[in-house]
Amino acid sequence: MNDLNLKKIIKLNIDVASVLTGFESSNAPTKAHHKIMKHYSSPFFLGPPQCDELLSLIMHMFSPEEAEIVQYLPPFRARTSAKVARLSNRPTLEVEKIFNNLSFNKYVIFSSGNPRKYSILPILPGTFEMALMTHDLSTRNSWHKTFAELFEKLWDKGFVKDYIYSSKSPIRYLPPISLSKTLNMAWPSDKLEEILEPYNLFAVGNCQCRLAMNLVDKGCGKPMENCVAIGPMAKPVIERGLMRKADRFEIIEIKKNAEEHGCVTWMMNETNDWRGNASCSCCGCCCHGLRTITEFNTPGMISKPHFMPVHNEDKCTLCQKCIKACPMNAWQFADGKIKFDKIRCIGCGLCVLSCKFKALELEEIKNYEPPENGWLKLLIKMVPGYIVNSLKVWAKRINS
């Protein structure tokens with residue numbers, strides 16, 4: 001099983017000039033870049049404020065020629081190449097060629113349908129994941145390295161703190177596979193094997209967060225190939241070469257291996273939807289979802305846990321293995337005691353697995369809110385939080 005971890009030993013393709021065909025960027029901003037920055041910064045697009053860091057990322061994403069047509073893709077409005085050709089006064093085939101490079105080579109815009117329509121996605125979540133998603137690490141080049149560096153500079157601005165209110169969190173964390181089997185109060189929605197059972201198509205690729213940190217020379221060495229698409233969601237990412245096809249048994253083994261290396265598995269906060277689900281296995285040092293808590297204390301995107309560790313001081317030997325195992329820094333050693341901050345806890349149970357003296361056990365949270373029964377119900381419940389966040393950020397920026 002441990003040979004699954006060998007995929008983290010990679011040599012990024014950052015010095016081969018031939019690989020960079022189609023990955024042009026800009027040396028100086030144009031009016032089009034500034035217009036695109038305005039699109040991405042919209043509070044209704046969950047965007048960061050207009051700033052030098054955002055502009056630098058957009059300049060890297062789009063060459064001057066690309067920016068001239070991407071400026072005609074406002075948020076939430078997918079357009080055909082023919083429509084953009086009319087707006088930009090350019091030949092349709094020329095626009096289509098540029099858009100196809102951006103959506104199938106750089107992966108910085110999204111395209112779908114027939115006739116094909118093109119659109120931009122939010123910087124996060126959306127553009128960041130799509131640009132770095134791959135099942136083949138040898139395809140990553142110097143453009144991707146710079147993209148990751150510029151994104152991290154934008155991330156460090158802390159713009160996610162603007163969007164802290166959540167009426168329904170989009171993701172939830174599962175207890176480890178080995179632990180969930182022993183939890184009598186665990187539900188089918190807590191158990192990975194039972195979540196996967198209804199589906200027969202799966203795809204797996206590399207975690208974009210850990211890849212990004214590898215690219216900026218801050219990688220943690222944990223397994224990377226554990227980002228998963230489940231059910232019909234797997235088909236488009238396989239067809240586009242972003243993930244490779246896998247079966248249910250391989251996915252379970254990949255997730256077990258990730259947990260053995262200190263990662264925790266999340267799922268979208270819904271279940272039983274025929275359209276499928278998505279999952280990755282996170283570490284506290286790289287995952288941007290977990291870093292919203294560890295760096296910015298904004299847990300809004302993560303559902304409150306179903307389980308919480310309980311500490312038995314009589315059995316505790318102060319070995320501090322729970323502190324090392326926790327991806328959220330919820331356990332601390334101070335004044336000669338082990339202390340626990342439940343606000344930071346995501347209920348993953350890694351601390352319980354680490355304790356060889358049975359001083360920790362998971363206890364069910366009685367008022368736990370179960371995942372929604374399908375994507376539509378989840379999205380409907382997320383809408384109020386989305387509106388509140390967008391309006392608050394919009395008002396704040398207007399008044400500043």
Side-chain angles (χ1 to χ4, degrees), residues 5 8 155 160 169 171-183 185-186 190-192 207 209-210 212-213 218-224 226-227 254-267 269 279-365 368:
N5 195 37
K8 70 180 177 64
W155 169 267
V160 295
S169 301
I171 66 173
R172 60 195 174 93
Y173 282 88
L174 305 181
I177 296 171
S178 59
L179 199 57
S180 64
K181 295 177 181 178
T182 68
L183 295 172
M185 57 283 204
D190 297 320
K191 300 176 180 179
L192 182 64
C207 170
C209 294
R210 273 196 290 285
M213 297 306 280
K218 294 181 181 179
C220 63
K222 289 182 170 62
M224 288 181 58
N226 43 48
C227 189
I254 286 173
K255 292 296 185 179
K256 285 181 178 178
N257 182 63
E259 290 171 358
E260 289 170 3
H261 287 83
C263 298
V264 291
T265 295
W266 65 259
M267 305 291 297
N269 200 11
S279 172
C280 197
S281 296
C282 305
C283 57
C285 50
C286 299
C287 171
H288 292 89
L290 296 185
R291 286 166 65 191
T292 62
I293 297 178
T294 57
E295 295 179 10
F296 303 125
N297 293 314
T298 55
M301 69 177 296
I302 299 173
S303 176
K304 293 180 179 179
H306 189 182
F307 305 97
M308 190 74 72
V310 177
H311 183 215
N312 187 330
E313 292 187 6
D314 293 335
K315 293 182 179 181
C316 183
T317 64
L318 302 180
C319 70
Q320 302 185 40
K321 288 186 177 180
C322 55
I323 296 175
K324 296 177 182 178
C326 181
M328 304 307 299
N329 299 321
W331 293 99
Q332 299 290 334
F333 183 75
D335 301 325
K337 293 183 178 181
I338 299 290
K339 296 187 176 182
F340 178 61
D341 182 359
K342 66 179 182 180
I343 299 299
R344 285 181 173 267
C345 181
I346 58 173
C348 68
L350 289 183
C351 58
V352 177
L353 286 180
S354 73
C355 184
K356 306 305 179 184
F357 301 96
K358 309 298 182 183
L360 294 173
E361 62 179 348
L362 284 183
E363 184 176 85
E364 185 179 25
I365 298 176
Y368 172 70

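Note that the structure is predicted; figures quoted are calculated from it, not measured.
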Measure from the side-chain N and O atoms of [X] to the backbone N and O of [Y], and report whether any donor-acceptor pair falls under 3.5 Å.
X: D341; Y: A330; value: no
X: K255; Y: N226; value: yes
X: N329; Y: C326; value: no

Any side-chain heavy atom of [X] sitting closer than 4.5 Å to one from [Y]?
X: T265; Y: Y173; result: no
X: C285; Y: M213; result: no
X: C263; Y: C282; result: no
X: C220; Y: R210; result: yes
X: N257; Y: P223; result: yes
X: T294; Y: R344; result: yes
X: L353; Y: E259; result: no
X: W331; Y: L360; result: yes

Nearest-0.5 Å distance, [atom1] of residue [X] to [atom2] of residue [Y]:
X: F307; Y: D190; atom1: CZ; atom2: CG; value: 4.5 Å
X: E260; Y: I177; atom1: CD; atom2: CD1; value: 9.0 Å
X: L192; Y: K256; atom1: CG; atom2: NZ; value: 9.5 Å
X: F357; Y: C319; atom1: CZ; atom2: SG; value: 6.0 Å
X: C227; Y: I254; atom1: SG; atom2: CD1; value: 11.0 Å

Run the numbers on S354 and K324 for side chain to side chain contact (heavy atoms under 4.5 Å, CB included), then give the verdict. CA-CA 9 Å; S354 73; K324 296 177 182 178; over 6 Å; no

Between K304 and S169, a side-chain donor and acceptor under 3.5 Å: no

Would you say W155 and E295 are linked by a side-chain donor-acceptor pair, where the criterion is simply a distance under 3.5 Å? yes

Start with the C-alpha gap between I171 and S303, add the side-chain angles, then the distance that decides, and say whether side chain to side chain contact (heavy atoms under 4.5 Å, CB included) holds. CA-CA 6 Å; I171 66 173; S303 176; over 6 Å; no

Write down the atom of [X], the atom of [Y], and the distance for their closest heavy-atom approach.
X: L318; Y: F333; answer: CD2-CE1, 4.1 Å
X: M308; Y: F340; answer: SD-CZ, 3.7 Å
X: C351; Y: P309; answer: SG-CB, 3.8 Å
X: I338; Y: C322; answer: CG2-SG, 4.2 Å
X: C283; Y: K222; answer: CB-CD, 3.6 Å
X: R291; Y: G284; answer: CG-O, 3.6 Å

Please step through side chain to side chain contact (heavy atoms under 4.5 Å, CB included) for the pair W266 and L174, ending with a clear verdict. CA-CA 6 Å; W266 65 259; L174 305 181; over 6 Å; no

Stepwise side chain to side chain contact (heavy atoms under 4.5 Å, CB included) test for V264 and L290: CA-CA 10 Å; V264 291; L290 296 185; 4.3 Å; yes

Parallel, tilted or perpendicular: which one describes the rings of H306 and Y368, with boundaries at 30° and 60°? parallel

Given V352, which of L183, L362, V310 fulfils the side chain to side chain contact (heavy atoms under 4.5 Å, CB included) condition? L362

